[in-house]
Amino acid sequence: MVCWSSTKLLNICIAALCKAQKLEKAEAVLIDGIRLGVLPDVVTYNTLIHAYCCFVSIDAGYSILNRMREAGINPNVISYNSLISGATRKCLLSKSLDLFQEMLQIGIPPDVWSYNNLMHCLFKSGKPDEANQVFKDLLHSNLSPHPASINIMINGLCKNGYTDNALMLYRNLQRHGFVPHIVTYNILIDGLCKARRLGAARRILKELGESGHKPNAITYSTVLKCCFRYRQFEQGLDILSEMRSKGYTFDGFGYCTAIGALVKTEGRLDAAFELLDEIEKEGLECDKYTHTIIIDGLCKSGNIEGAQRHLNFMNRMGFGYNMVAFNCIIDGLCKAGYIDHAMKLFKSMEIKDSVTYTSMMYHLCKAGRFRSASKLLLSCLKGGIDVLKSTRQAVLDGLHYKGFISEARKLQSKIQLARLKR
DNA sequence: GTAGGGTTAG
């Protein structure tokens, strides 16, 4: 009795450490436990398998399976499901299939989640026919499908371009008493939107309203994304205000979707800034990607000072070094004709990438400053930074055009040398 | 355990 409860304690402790990604500590606790006579059980090892699959690798998870066998504990369906779901997450189809097969061979009967994971993995790997076969196997087995099985099917069919089949399956199941969940509605709305089937998407949205389920944050960001994708800006903004008036919950993700779409598709910075205010009021967070889209939008609209101010604002907010924003500002400065200013900023940057270089070189070439561009190209070659072929060519052509033939030849040979080294 | 993504050059 004492032993049983101490194993349970051990498991709670290991589970907490695994959840915090402290795998080494979890292992240490396991070793200490064994030394004190607390025997790990199948739950202990399954917890470790799950954690290793999540944070290390499937192979690391599998080695725990071997360790548990050596300790005289037989793996169960949960051990295998953890491995298969890990493989599914990483889209390792052959591993998923092997594990499923292995499970059957050693006589562990798969449960509905084994099937679900396998279906999901097949869909993610672009094998809808095979996934459909697994679904049929599930229906013919003595197991009953979980609501998630249906969702995985509908989602997989949509993602693989079989929106009609997804809709047919949905209607068919409904006739047989299937009650869709909010997840099902969201999957269908997204799938139909992406397939440009807006009428059908609207019908599902209406059904969702009539079902008694409440649309959630995912529903809204899906619908919003769809509105902006098809340039229905006013409708998108209407949906936003409708949500506000009805007091629906909306998360930062949804706001970011809306802001990004507004700026990228039509340069609607006014509306974007309004939403940014609203995010703050709601106590939600806007991520660095969305802030960077705003900075780029400001640059593209010619408001480089505004972009600079927004970058300063990001710094004050505690966002780290934002190379992409610098790249946007450099590009904006060049396009506005302030190449020297851009060059100064370029030189001050702590970290640069191929975009920084490509952008700067392109504009130097455009301004006829081929020798400066050539210098930058040389430092790219030295630093192993990739540059677009067209930009490389522009530098070479420019040197030729200006009559710097020997410089062009030297550069050409250095480009070839760099290519050979790779 | 299944649903909504992402930033910059050319």
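Below, read A as the first sequence line, B as the second, and so on, with proteins coming before strands; counting in each chain starts at 1. Everything numeric here is computed off the predicted structure, so don't read it as measured data.
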Inset, instruction - Write down the distance between CG (A:Leu311) and C1' (B:dT7), rounded to a whole number of angstrom. - result: 13 Å
Legend entry - Donor on one side chain, acceptor on other, A:Asn327 and A:Asp353, under 3.5 Å: yes
Legend entry - Between A:Phe123 and A:His120, ring centroids under 6.0 Å: no
Legend entry - Whole-Å distance separating the CD atom of A:Gln393 from the C1' atom of B:dG10: 14 Å
Inset, instruction - May I ask you to test the A:Asp331-A:Lys300 pair for a side-chain heavy-atom distance under 4.5 Å? - result: no
Inset, instruction - Quickly work out the A:Asn327 CG to B:dG10 P distance and round it to whole Å. - result: 11 Å
Inset, instruction - Return the value, rounded to whole Å, for the distance between atom CG of A:Leu345 and atom P of B:dA9. - result: 16 Å
Legend entry - Integer-rounded Å distance: B:dT7 P and A:Asp353 CG: 14 Å
Inset, instruction - Please determine, for the side chain of A:Thr292, which listed nucleotide (B:dT7, B:dT8, B:dA9) has the closest atom? - result: B:dT7
Legend entry - For atom CG of A:Leu269 and atom P of B:dT7, their distance in whole Å: 17 Å
Inset, instruction - Describe the nucleic acid contact of A:Lys300 in one word from base, sugar-phosphate, nothing, applying a heavy-atom distance below 4.0 Å. - result: sugar-phosphate
Inset, instruction - Report the distance from atom CD1 of A:Ile295 to atom C1' of B:dT8, rounded to the nearest whole Å. - result: 11 Å
Legend entry - Ring centroid separation A:Phe100 to A:Tyr115 under 6.0 Å: yes
Legend entry - Interatomic distance, A:Leu298 CG vs B:dT7 C1' [rounded to whole Å]: 14 Å
Inset, instruction - Step through it carefully: locate the ring centre of A:Phe346, locate the ring centre of A:Tyr357, and say whether they are under 6.0 Å apart. - result: yes
Inset, instruction - Report, as a single string ordered 5' to 3', how protein heavy atoms within less than 4.0 Å touch nucleotides 1-6 of chain B: B base, S sugar-phosphate only, - not at all. - result: BBBBBB
Inset, instruction - Check step by step if side chain to side chain contact (heavy atoms under 4.5 Å, CB included) holds for A:Ser354 and A:Ile385. - result: CA-CA 6 Å; A:Ser354 75; A:Ile385 295 169; 3.7 Å; yes
